[in-house]
Amino acid sequence: MVERTKYQQQIIKNYYKNQDNILLSRLSDLVGELYLAEGKAKERHWKAAAECMTKLKLPAARVEHLVKLGNPALIAKVVEELHAKSA
């Protein structure tokens, strides 16, 4: 087993403590990417957005519905909603 320094342990602890904020920031970035992307890149960004929403514990049915509609504006509304909850 790898021994970690106290500093490394603190970094790992802080990462998991702030994981929701990190995922929310990533989802927010993906909204802009979804507006600009085309073709395979767009598909890749939608997949990443779905993974972020799943990790943020949104209901699977809602995630599937948002991806099926394919409208980045709806993802932006989800980001606003999640920001409001975290504040």
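Treat the numbers as computed from the prediction; the structure is a model and nothing was measured. Residue indices begin at 1 and follow the sequence shown.
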Could you give me the CA-CA distance, side-chain angles and deciding distance for Thr5 and Gln8, then say whether side chain to side chain contact (heavy atoms under 4.5 Å, CB included) is met?
-> CA-CA 5 Å; Thr5 66; Gln8 290 171 326; 3.3 Å; yes
Nearest 0.5 angstrom please: [X] [atom1] to [Y] [atom2], how far?
{"X": "Gln19", "Y": "Arg26", "atom1": "CD", "atom2": "CZ", "value": "13.5 Å"}
{"X": "Lys17", "Y": "Ile12", "atom1": "NZ", "atom2": "CD1", "value": "15.5 Å"}
{"X": "Lys77", "Y": "Asn71", "atom1": "NZ", "atom2": "CG", "value": "9.5 Å"}

For the residue pair Leu82 and Leu58, establish whether any side-chain heavy-atom pair is separated by less than 4.5 Å.
-> yes
Would you call Arg62 and Glu81 a salt bridge, using N to O less than 4.0 angstrom?
-> yes
Count the heavy atoms belonging to other residues, nucleotides or ligands that lie under 6.0 Å from NE2 of His83, then report whether that count exceeds 12.
-> yes
Heavy-atom donor-acceptor pair, Thr54 side chain to Ala50 backbone, under 3.5 Å | yes
Residue set satisfying side-chain contact (heavy atoms from CB on, under 4.5 Å) with Asp20, at least two apart, ordered chain then number -> Leu56
Please name all residues satisfying side-chain contact (heavy atoms from CB on, under 4.5 Å) with Gln10, sequence neighbours left out, ordered by chain then number.
-> Lys13, Asn14
Take Glu33 and Asp29, measure what side chain to side chain contact (heavy atoms under 4.5 Å, CB included) needs, and give me the verdict at the end.
-> CA-CA 7 Å; Glu33 296 295 328; Asp29 292 342; 5.5 Å; no
Determine, stepwise, if the pair Ile75 / Met53 fulfils side chain to side chain contact (heavy atoms under 4.5 Å, CB included).
-> CA-CA 9 Å; Ile75 304 297; Met53 289 186 286; 3.7 Å; yes
Closest non-hydrogen atom pair, Leu27 against Cys52 = CD1-CB, 4.2 Å
If you look at every heavy atom in Lys42 and Leu34, which pair is closest and at what distance?
-> CE-O, 3.7 Å
Should Ile22 and Val79 be counted in the same cluster of Ile, Leu, Val, Met, Phe, Trp and Tyr side chains packed under 4.5 Å apart?
-> no
Are Leu30 and Leu74 connected, step by step, through hydrophobic side chains (Ile, Leu, Val, Met, Phe, Trp, Tyr) whose heavy atoms are closer than 4.5 Å?
-> no
